[in-house]
Amino acid sequence: MAGIYVHIPFCKIRCAYCDFYSNTDLSYKDELVKCLCKELTQEKNYLEKEKIETIYFGGGTPSLLDEDDFKLIFDTMESHFDISSVQEITLEANPDDLSVSYIAMLRRLPFNRISIGIQSLIDKELRLINRRHSAQQALDAVAACRAAGFENISVDLIYGYPSQTIPEFIFSVGKMSAMDVTHISAYNLTYEEGTVLHQKLQRKEICAIDEETSIEMYKTLVNKLETNGFFQYEISNFAREGYESKHNSSYWRGKKYLGVGPSAHSYNGTTRKWNVASLKEYIQKINEDATAYELETLSDNDLYNEFIITGLRTKKGVSLQTLQEKFGGKMLDYCVENAAKYIINKCLYIENDYLKFTTEGVILSNGIMSDLLFVE
Amino acid sequence: MKNIRNFCIIAHIDHGKSTLADRLLEYTNTVSGKAMQAQVLDDMDLERERGITIKSHAIQMNYTYKGEQYVLNLIDTPGHVDFSYEVSRSIAACEGALLIVDATQGIQAQTISNLYMALEHDLEIIPVMNKMDMDSAMPEEVEDQIVELLGCKREEIIRASGKTGMGIDEILSAIIEQVKAPVGDPEAPLQCLIFDSVFNSFRGIIAYFKIINGTINKGDLVKFAATGKEYNADEIGILKLEMSPTKSLGAGNVGYIISGIKTSKEVKVGDTITHVARPCTKAIAGFEEVKPMVFAGVYPIETEDFEDLRASMEKLQLNDASLTFEPESSMALGFGFRCGFLGMLHMEIIQERLDREFDMSVITTVPNVQYKVYTRKNELIEVHNPSGLPDITMIDRIEEPYIRASIITKTSFIGQIMTLCLGKRGELIKQDYISGDRIELIYEMPLGEIVFDFYDKLKSISKGYASFDYHMIDFRPSKLVKLDILLNSEPVDALSSLIHFDNSVNLGRRMCEKLRELIPRQQFDIAIQAAIGAKIIARETIKAVRKDVTAKCYGGDISRKRKLLEKQKKGKKRMKQIGNVEVPQKAFLAVLKLD
C-alpha cells in the first residue's frame with residue numbers, strides 16, 4: 001500500500017514561522033494544476049503499481065484550489081493509479097477558506113479528512129505569526145466542517161510562543177482539547193532561519209521561551225491531551241482512538257509515497273527524490289519534459305538509519321524483529337548496544353520487542369537517535 | 001682554491017632571501033629562468049608556503065669575473081630560531097655572508113643574532129638592502145640601521161631587488177672581491193664539516209660537507225668522528241641543481257657524500273668526516289648533540305592507527321634527526337609518543353608533515369620544556385612530561401631552562417611588549433636603541449613560558465612588527481606545580497601541564513573557561529575543574545542539554561534529517577571519550593590558544 005502527496009505551494013500571505021516552500025503569486029494556479037497532472041502521469045510507475053491507500057493535499061494552502069482543479073487531479077489519479085481501496089484523503093485548509101459553500105464543495109469531492117491550520121485560539125498569538133484568521137473563525141470553521149458531515153477533522157496547534165507563560169499555555173491547550181475534533185498535531189514553535197520570526201528574534205524584538213518552560217509545556221501538553229482522550233502516537237501527533245493519520249504514519253513506517261508539485265518528496269523503498277523547490281522552475285521543467293527532481297539511491301546503511309529515525313518518532317517504536325529481518329543480526333546487536341546506555345538512564349525502553357522513547361527520551365531524541373545511527 | 005667563494009645568506013623571514021638567491025642562480029646560468037620554479041632552494045612544499053627555509057641547502061654556481069672562472073658555493077641557512085644550531089654550522093662552513101635587510105622593514109631580531117654568529121666566525125659581511133623596487137622602501141632609514149650595526153660605510157651597502165634583478169651583478173662582484181678564498185691544506189689529514197643531511201629514499205642519507213683540510217676521493221674509507229662509525233665513500237660530488245658526482249674533492253670545496261647510511265641519526269650536523277687510514281688529530285670544533293627543547297605527546301586520533309603513526313614518525317626521523325620520540329600511553333588518548341622538538345615551529349612542522357605526507361591526523365598534548373628535578377636524596381631526574389613529576393614529598397627543588405631573548409620592535413609597542421614579557425616571568429636585562437624609533441629589548445625568561453602562545457601574542461600586539469630570537473642560557477630554580485584538569489572528577493592526563501605556581505590559578509581558570517567553550521553540551525552536566533594536587537583552583541560547568549527534539553518529520557524531512565543526524569554521529573565518533581564525557585580533539589589544544 002502506498003500514498004500520494006500533492007503539494008500546493010500557494011499562500012495568500014506568508015506566516016512568520018514558516019520556512020516551507022510557498023509562493024504568494026496565485027496567477028500560476030491553473031498552470032500548476034496542469035503540471036501536477038502531467039507529473040502524476042509521468043510518475044505513474046514510481047510506486048510500482050502498489051495500491052493507493054492515502055492521498056494528501058498539503059501546502060502552502062491547498063484550500064486555494066477550486067472544485068475543477070481538484071476534479072482534474074482526482075481524475076488523473078484515477079486513470080494512472082489504483083485508488084479503489086483508498087482509505088484516507090486529506091485536505092489541509094486555512095480556517096478563513098472554509099466557508100460553508102467551500103465545505104459543501106469539498107463534500108462533493110472524495111475528501112474524508114480535513115486538517116485545519118488553526119495554530120492558536122488566541123488572537124494575539126495569531127497576529128504575531130501573521131495568520132490571516134481569528135480564533136473565532138477557527139472555531140467556526142471546525143463547527144462548519146462538522147455540520148457539513150466531516151467526521152475526521154484534524155487541527156494544527158503551535159505552542160511555545162515568544163514570552164508565552166505556562167498558565168497561558170494551559171488555557172490554550174484546554175480550549176484546543178475541548179474542540180470537537182479527532183486529531184491534533186501540536187508543534188513547538190521553532191525559529192527557522194530566513195523566517196520573519198527568526199529575524200525578530202535576532203533583533204531581540206521578541207524573546208524565546210527558555211528550555212525548561214518549553215519542556216514543561218510539552219509534558220503538560222501530552223498529559224492534558226491524553227486526559228481529554230487524544231493519545232500521542234508520534235512526537236507531535238495526537239489522535240482519538242482509530243483516528244491516527246494514516247498518510248503521515250506511512251512516512252514513519254517506511255511505506256512508499258509519491259509526492260508531486262514543487263519541492264515534494266517521494267520514496268519507493270530504494271530511492272528518494274525531491275522536486276525543485278521553485279514554482280516557476282517546476283512548471284518549466286515539467287512542461288519541457290525535463291527532470292524536475294534530484295534523486296538519491298539509498299544504501300542498506302541509509303535505510304537502516306532512516307528506519308531508526310522514523311520508527312523512534314512513533315509511540316509504537318522500532319520493531320526489533322523487523323530490524324533483524326531487514327538488516328540482519330549484526331545491525332540488531334549494533335542498535336541494542338548503542339541503545340544500552342539510554343535504556344539504563346531511562347530515555348529508551350524495550351517493550352514487546354519494540355524499542356521506544358520514554359517522555360524524557362523524546363525531549364532528547366535527536367542526540368539519542370544519532371547515537372543509534374551507523375556511519376562509516 | 002683561490003677561486004672558490006663559500007658564502008651564506010643571513011636574512012629575516014620574508015626579507016626576500018629565497019627570491020634573491022634564485023636571482024643569483026639565474027645570473028650565473030645555474031638555472032635557466034624558464035626552469036625556475038619560484039624559490040628553487042626551498043624544496044619542501046611546506047617551506048614554500050610558509051616562505052621559510054626549514055632545512056639548509058647548498059648549491060654551486062660558476063661565474064666568470066674579469067676573465068677568471070670562479071666557483072661560488074651558496075649555503076642556504078634555516079630562517080628560524082628553532083634551528084639556530086644548524087645555522088651556526090652552515091655559517092662555520094663559509095667565509096662570507098650576505099646580510100639581506102628588507103628595505104621596507106629594517107633589521108629584525110633574528111638577523112642580528114645570526115649576524116653576531118657570522119661575525120664570531122670571522123665571516124666577511126656584505127650588506128644588501130633588498131626590495132628596493134617597493135614603493136614603501138625607506139632606504140635612508142634602513143641604511144642608518146645597517147651602518148649603526150656593522151660600522152660599515154653607507155656606500156658599501158648594495159641596493160638590490162630580487163624581483164627586478166637590481167644589484168645582482170654588484171652582489172656577485174662583491175662576493176668575489178670581498179669574501180676571502182677558503183684556506184686549508186689539501187695535503188693535510190682529511191677534515192670535512194657536515195653542515196646538513198638529507199634523506200633520499202633510493203640512496204639513503206646524503207651528507208653535505210665543506211672540506212676544511214685534506215682531499216676526499218670516491219671509494220675512500222671514512223670515519224665520522226662523533227659517532228665513530230666507518231663508511232665507504234660510495235659517491236662524492238658537488239651540489240649543482242642536481243647532484244653531480246666527482247672522483248675527488250679538495251680543501252675549500254663544498255660537496256656531498258653518499259655512503260649507504262640508512263638513518264639520519266648517524267649523520268650529525270657539525271660532525272667531522274675524516275679518513276680511517278690517516279685520521280685528523282682533532283675533530284672540528286663546535287659540534288653539539290642537538291637536544292630537543294620542547295616536548296609533547298603525539299597521539300593518533302583513531303587508537304588503532306598507533307602502528308601507522310610509529311611508521312610515519314620513523315620515516316620523518318630519517319630526514320630529521322632532531323625529532324626524537326618514545327612510546328607513551330595516556331588514559332585519555334591511548335597509545336602514542338612523547339616527542340621532542342627543537343622548538344614550537346619545529347613541532348608545528350612535524351604535525352603538518354604527519355598530516356600532509358602521511359595522512360595522519362594526530363592530537364598533540366600540551367607542550368612543555370624539560371625540567372631538572374632534584375629529589376631529597378639529591379638525585380637528578382629529567383622530567384619532560386607532567387606525569388613524570390615525582391611525588392611532591394620527594395622533591396627537593398626543580399630547575400627550569402632559561403633563555404636570553406632579543407626582541408626588536410618599534411618604540412610605540414614597548415609598553416605592551418613589556419607587559420607581555422612580565423606576565424611571562426621575563427626579566428629585562430637591557431634595552432638598546434637601534435635607530436630612531438626601533439629598540440632591542442633583551443630579556444631573560446623561562447623557556448617554558450614561550451611555549452604557551454608567546455609568538456602569537458607578540459605578533460598581534462606589535463601588529464607583526466616585533467621580531468624575536470632567543471638562545472638557551474642556563475637552568476634556574478623554579479616553583480613549579482602540576483596543574484591537572486578533571487572532567488566530572490576524572491583527571492584527564494593529556495591536559496595536565498607543568499606550570500609556575502604564580503601562573504597556575506590564572507591558567508587553570510582560563511583552561512576551564514576555554515574547555516567550557518570547546519566541549520559541546522551533553523546529556524548531563526559536566527564539571528570542569530583545575531586542580532593542583534587535591535586542591536581545586538578553578539571550576540566551570542557545562543549545563544546538560546535539556547531539550548533536543550525536532551517538531552516535524554514528514555515525507556520531505558526524512559532525508560535531510562538523516563543526513564543531519566549522521567553528521568552529528570560522525571562528529572561524536574571523532575571525539576575522545578573520557579569517563580562519560582565526549583571531548584573533541586580541539587579541546588586538547590585549547591591551552592595553546594588561550595586568549
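Being a predicted model, the structure only gives us computed values, none of them experimental.
The two atoms that bring S236(A) and A551(B) nearest to each other are OG-O, 2.6 Å, heavy atoms only. Of all heavy-atom pairs between K570(B) and V375(A), the closest is CG-CG2, 3.7 Å. What you find for S370(A) and Q568(B) is that their closest heavy atoms are OG-OE1, 3.5 Å. Taking each heavy atom of N305(A) and E566(B) in turn, the nearest pair found is ND2-OE2, 2.6 Å.
Counted within 6.0 Å of CD on E193(A), heavy atoms from surrounding residues, nucleotides or ligands total 12 or fewer; the atom is thus considered open. More than 12 heavy-atom neighbours from other residues, nucleotides or ligands sit within 6.0 angstrom of OH on Y334(A). The number of heavy atoms from other shown groups lying within 6.0 Å of NZ (K315(B)) does not exceed 12. More than 12 non-hydrogen atoms from other residues, nucleotides or ligands lie less than 6.0 angstrom from CZ of R521(B).
Between K561(B) and N366(A) there is a side-chain heavy-atom pair separated by less than 4.5 Å. Looking only at side-chain heavy atoms (C-beta outward), I558(B) and I309(A) stay at 4.5 Å or farther from each other.
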> Yes or no on side chain to side chain contact (heavy atoms under 4.5 Å, CB included) for Q523(B) and Y342(A), after CA distance, side-chain angles and deciding distance?
Replying inline: CA-CA 10 Å; Q523(B) 289 172 358; Y342(A) 296 113; 2.9 Å; yes

>> If you apply the rule side chain to side chain contact (heavy atoms under 4.5 Å, CB included), what do you find for N188(A) with K547(B), and how did you get there?
In response: CA-CA 11 Å; N188(A) 196 335; K547(B) 186 163 171 284; 2.9 Å; yes

>> For a salt bridge (Lys or Arg N to Asp or Glu O under 4.0 Å) check, start with the C-alpha distance between E306(A) and R562(B), then their side-chain angles and the critical distance, and finish with the verdict.
In response: CA-CA 6 Å; E306(A) 287 188 352; R562(B) 168 172 62 79; 3.3 Å; yes

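With rounding to the nearest 0.5 angstrom, the OG1 atom of T550(B) is 7.0 Å from the CE atom of M369(A). In this structure, NZ on K543(B) lies 11.0 Å from CD on E211(A), to the nearest 0.5 angstrom. Expressed to the nearest 0.5 Å, how far CD of E296(A) lies from OG of S559(B) amounts to 4.0 Å. For the atom pair OG1 of T310(A) and CG of D557(B), the computed distance is 12.0 Å after rounding to the nearest 0.5 Å. Remark: K552(B) NZ to R313(A) CZ distance equals 11.0 Å, nearest 0.5 Å. Note that CG of L565(B) and CD1 of I368(A) are 11.5 Å apart. Values are rounded to the nearest 0.5 Å.
Of the atoms belonging to L364(A), heavy atoms from both backbone and side chain fall under 4.5 Å from chain B. Interface residue K563(B): only side-chain heavy atoms are found under 4.5 Å from chain A. Only the side chain of E212(A) comes within less than 4.5 Å of a heavy atom of chain B; its backbone N, CA, C and O stay farther away. For a residue to count as touching a neighbouring chain, one of its non-hydrogen atoms must lie under 4.5 Å from one of that chain's; by this rule L298(A) touches chain B with the side chain only. For a residue to count as touching a neighbouring chain, one of its non-hydrogen atoms must lie under 4.5 Å from one of that chain's; by this rule N338(A) touches chain B with the side chain only. When heavy atoms are compared at a cutoff of 4.5 Å, D302(A) approaches chain B by way of both its backbone and its side chain.
Contact tally against chain B (heavy-atom pairs below 4.5 Å) for N248(A), I235(A), T190(A): the top residue is N248(A). Interface check for chain B: of the options F374(A), W274(A), W252(A), the most heavy-atom pairs under 4.5 Å are formed by W252(A).
Below 30°, between 30° and 60°, or above 60°: for Y554(B) and Y187(A) the angle between ring planes is above 60°, a perpendicular geometry.
Between the side chain of Y257(A) and the backbone N or O of G555(B) there is at least one donor-acceptor pair closer than 3.5 Å.
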